[in-house]
There are 2 protein chains.
Amino acid sequence: MFSKLNRSHRASSVERHMNDFRRGKGWGAQIKRMGRRMTVPRRAIFKVVSNSSKHLSAEDIYMEIHKKYPGIGLTTIYRTLKLLVKTGLLIKHEFGEGCARYEYTAGKIKEHAHLICMSCGKVQDCSDIDIEKFGLDKISKEVSSRYSFNIKRKRLVFHGLCEECVKGGKK
Amino acid sequence: MFSKLNRSHRASSVERHMNDFRRGKGWGAQIKRMGRRMTVPRRAIFKVVSNSSKHLSAEDIYMEIHKKYPGIGLTTIYRTLKLLVKTGLLIKHEFGEGCARYEYTAGKIKEHAHLICMSCGKVQDCSDIDIEKFGLDKISKEVSSRYSFNIKRKRLVFHGLCEECVKGGKK
DNA sequence: ATAAAGATGAAAACTATTTACAAAAGTATT
DNA sequence: AATACTTTTGTAAATAGTTTTCATCTTTAT
Ligand SMILES: [Mn+2]
Ligand SMILES: [Mn+2]
Ligand SMILES: [Zn+2]
Ligand SMILES: [Zn+2]
């Protein structure tokens, strides 16, 4: 019954990752496939971004990383983020605050809209609404046919006042 | 018959502007209403942006202005653009190129989408398509009700390959 | 014309991001 | 595990777009 327990248990996160890695799947393998190396800073940075549900800036990530790895520099953060974006693991957003923000997309609805509060600056995911099925697909079709434009990525951003700011704070 | 000609002629652009100005309409009056002054640099800058159909950067505007007014500095361009955006006369776009671009919106469809070519960098207006009527209105409704978000502005941007880049240039 | 407030230009300051370069770490091979 | 080769890194310096500072010049109301 001991062996039975062992055989029947679900693969842990770590085991799943190692399996993916051997099979050439998963983010680590994706990095390697590009001829790049798997390093401590890269692991740490990916972990921070992929475990966060927020939209983090390079500085945000740096400060988080710095707690555990005081040796990792901000330059490495920037370099790694660029790599992860190129690999397609992260999306880079420029909401007009003066700094870019990064987000890990796996697990979320493919293309989700964003709500930016003009008062408090909060960035909110709009993951409950499938914008494609809600009408964006029609616009996309029209755009690509009317302009012969090969759409690779869509960005839909709403600027306005978030719930709290409408109620409470004036300005 | 001379006087008749005079009386019946259509108001010229300049006359229309002066009338608007006296009545407190038009962009000049809007500036004044904010307690700001009408100056040579401001007139020149507004003229350049409002007469262009492109999305101009501060640098673009500066270079254009510089031909006629070599004395006007880049700082004034930035300051004036900020003022014109605050007044609502211009829209500021940040497409992720590292510099902001400005656009005069009057006369165009209220909220139009933008196409950014990932290969040549071209920014294209998508003014032929009324994105609201094409489905954005539905998404907006859903967003503002589901998230209690008071939408003030919408941005829809498509990144991909423009017609020329799909045909011709590989990368 | 005058005075008060606002706007300007030049230079300096800021800020997010990138680059240069020598040292350190990852990887494939022995 | 030592080697050799290449990539990655950390520090510091460099960029680039934009903002701030401040003394001088304009605009506008009187
Ligand atoms: Mn998001
Ligand atoms: Mn436009
Ligand atoms: Zn808010
Ligand atoms: Zn193109």
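A note on names: the letters A, B, ... follow the listed sequences, proteins ahead of strands, and every chain is numbered from 1. What you are looking at is a predicted structure, and each value in this text was computed from that prediction instead of being measured.
Close to D:dT19, at under 4.0 Å from its OP1 or OP2, lies no side-chain N or O of B:Tyr78. Regarding contacts with the backbone of D:dT8, a side-chain N or O of A:Arg36 is found under 4.0 angstrom from either OP1 or OP2. Remark: A:Lys32 is in phosphate contact with C:dT27, judged by side-chain N or O atoms under 4.0 Å from OP1 or OP2. In terms of phosphate contacts, A:Thr39 brings no side-chain nitrogen or oxygen within less than 4.0 Å of OP1 or OP2 of D:dT7.
Atom CZ in B:Phe95 sits about 17 Å away from atom P in D:dG17, given to the nearest Å. Here D:dT9 presents its P atom at 14 Å from OH of A:Tyr62, a figure rounded to the nearest Å. Nucleotide C:dG26 holds its P atom 15 Å from the CD1 atom of A:Ile31, rounded to whole Å. For B:Met34 and D:dT27, the CE to C1' distance is 18 Å, given to the nearest whole Å. In this structure, A:Leu81 atom CG and D:dT9 atom P are separated by 11 Å, rounded to whole Å. Counting to the nearest Å, the P atom of D:dT7 and the CZ atom of A:Arg37 are 6 Å from each other. The nearest whole Å value for the distance from the NE2 atom in B:His66 to the P atom in C:dG9 is 11 Å. In this structure, B:Arg101 atom CZ and D:dG17 atom P are separated by 11 Å, rounded to whole Å.
B:Tyr69 and B:Met38 fall within a single hydrophobic cluster, where Ile, Leu, Val, Met, Phe, Trp and Tyr are joined by side-chain heavy atoms under 4.5 Å apart, directly or via other members.
Nearest nucleotide to the A:Lys82 side chain, out of D:dT18, C:dT18, D:dT6: C:dT18. Relative to the side chain of A:Arg42, the nucleotides C:dA7, D:dT6, D:dT9 differ in distance, and D:dT9 lies closest. Checked against C:dA7, C:dT27, C:dG9, the side chain of B:Thr76 finds its nearest nucleotide in C:dG9. For A:Arg79, the listed nucleotide lying nearest its side chain is C:dC21; candidates were D:dT7, C:dA4, C:dC21. Comparing D:dT27, C:dA20, C:dG26 by their closest approach to the side chain of A:Val40 singles out C:dG26. Of the candidate nucleotides C:dT27, C:dG6, C:dG9, C:dG9 has the atom nearest to the side chain of B:Ile72. In this structure, of D:dG17, C:dT27, C:dT18, it is D:dG17 that holds the atom nearest to the side chain of B:Cys99. Of the listed nucleotides (D:dT19, C:dT18, C:dT8), C:dT8 has the atom at the smallest distance from the side chain of B:Thr80. Across C:dT17, D:dT11, D:dT28, the shortest atom-to-atom separation from the side chain of A:Thr75 is found for D:dT11.
For A:Arg101 (side chain) and A:Phe95 (main-chain N/O), no donor-acceptor pair under 3.5 Å exists by modelled atom type. At least one donor-acceptor pair under 3.5 Å links the side chain of B:Ser140 to the backbone N or O of B:Leu136. Listed for the B:Ser144 side chain is a donor-acceptor partner under 3.5 Å among the backbone atoms of B:Lys141.
For the residue pair A:His55 and A:Asp125, a side-chain donor N or O sits within less than 3.5 Å of a side-chain acceptor on the partner.
Between B:Tyr147 and A:Asp128, some side-chain heavy-atom pair lies under the 4.5 Å cut-off.
Between B:Gly98 and B:Pro41, the residue anchored nearer the 5' end of DNA chain D, judged by the nucleotide with its closest heavy atom, is B:Gly98. Where B:Leu74 and A:Arg43 meet DNA chain C, the nucleotide closest to each residue was compared, and B:Leu74 sits on the side nearer the 5' end.
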